[in-house]
Amino acid sequence: MLVYPSAIDLSSQSLRFLAQHLAHRRRELGTRWRKLPAGQQALLALAHLRCGDTYAQLAAGFGIGVTTVYRYIHEAVTVLAAVAPTLEQAVMATSAKAFVILDGTLLPIDRIAADRPFYSGKHKKHGMNVQVITDPFGRLIWASPALPGATHDITAARTHRVIGALAEVGIKCFADKGYQGAGSTVVVPFRGKHRNLSAGKQAVNVAHAKIRAVGEQAMATLKGWRLLRKLRCSTTRITDIVKAVLTLHLASA
């Protein structure tokens, strides 16, 4: 197999952060020897998460076996997911902000037509539903565990207790029409076609849309990690992968 040098559009801070956590884990386990040092393992994991490089490609590039690549990546994802902020921590960190933006996104997965729980009628594809909270500037604050793509946004938000957690600290939350009926501090646009609404309601919806548009930056942040553009792993691992990406993003912010 031909091997060539490549690049990862991440800062060295992300590499150092992950390498330090991997080195700490090795000390906890009492590991005496590995085929790759912690820094190289961190680089391998970042290449997989950020660039979507396959196990075979990474095995050839780092001169190790495919099975070893799998173990190294699984370990790195587990380490990162363990230090990802909880919903409670994220909400407390935003308690002083004017408002937050709540939105859901679908992470595409490789599934057959028979897997109905994972099929999103809204997006017309199979995937996993992930709820995202951003600050008023569109910066990613928190990402939820992944649920089957057929789950509606408001159901997912309630399942993760997002609405209740925001209400407890009194944070106003802007969301789209998919969260109609959430009540509490969740602000959604008026229902109905734009042309059929009164001038006042049209103005409110336009202002609401401008605020929510900022939150799309967080979605772009997630999709910037190419592995999340088409997940081919077990659905049971996707939550940890999302948490790992969130941890790396916050560490380099």
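Side-chain contact, Gln41 with Arg26: a donor N or O sits under 3.5 Å from an acceptor N or O. A donor-acceptor contact closer than 3.5 angstrom links the side chains of Ser12 and Arg16.
When the ring pair (Phe, Tyr, Trp, His ring centres under 6.0 Å) test is applied to His21, the partners found at least two apart in sequence or on another chain are Phe17. In this view, Phe174 and Phe99, His208 satisfy the ring pair (Phe, Tyr, Trp, His ring centres under 6.0 Å) rule, not counting sequence neighbours.
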- request: Determine, stepwise, if the pair Arg212 / Asp176 fulfils side chain to side chain contact (heavy atoms under 4.5 Å, CB included).
  value: CA-CA 8 Å; Arg212 286 196 307 103; Asp176 62 26; 3.4 Å; yes
- request: Begin with the C-alpha distance, continue with both residues' side-chain angles, and end with the deciding distance and a verdict on ring pair (Phe, Tyr, Trp, His ring centres under 6.0 Å) for Tyr119 and His126.
  value: CA-CA 4 Å; Tyr119 184 78; His126 291 82; 5.2 Å; yes
message: Test side chain to side chain contact (heavy atoms under 4.5 Å, CB included) on Val186 and Ile163; report intermediate values, then the result.
response: CA-CA 7 Å; Val186 180; Ile163 298 171; 4.0 Å; yes
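Classification of Arg34 and Glu75 as a salt-bridged pair holds, one side-chain N sitting under 4.0 Å from a carboxylate O. With respect to the salt-bridge test (charged N to carboxylate O, under 4.0 angstrom), the residues Glu168 and Arg161 do not qualify.
Under the 3.5 Å distance criterion, the side-chain polar atoms of Ser95 are left unmatched by any main-chain donor or acceptor of Val169. Of the possible donor and acceptor atoms, none in the side chain of His249 sits under 3.5 Å from a partner among the backbone N and O of Thr221.
The 12-atom threshold is exceeded at NE2 of His123, counting heavy atoms of other residues, nucleotides or ligands nearer than 6.0 Å. Around atom NZ of Lys97, more than 12 heavy atoms belonging to other residues, nucleotides or ligands sit under 6.0 Å away.
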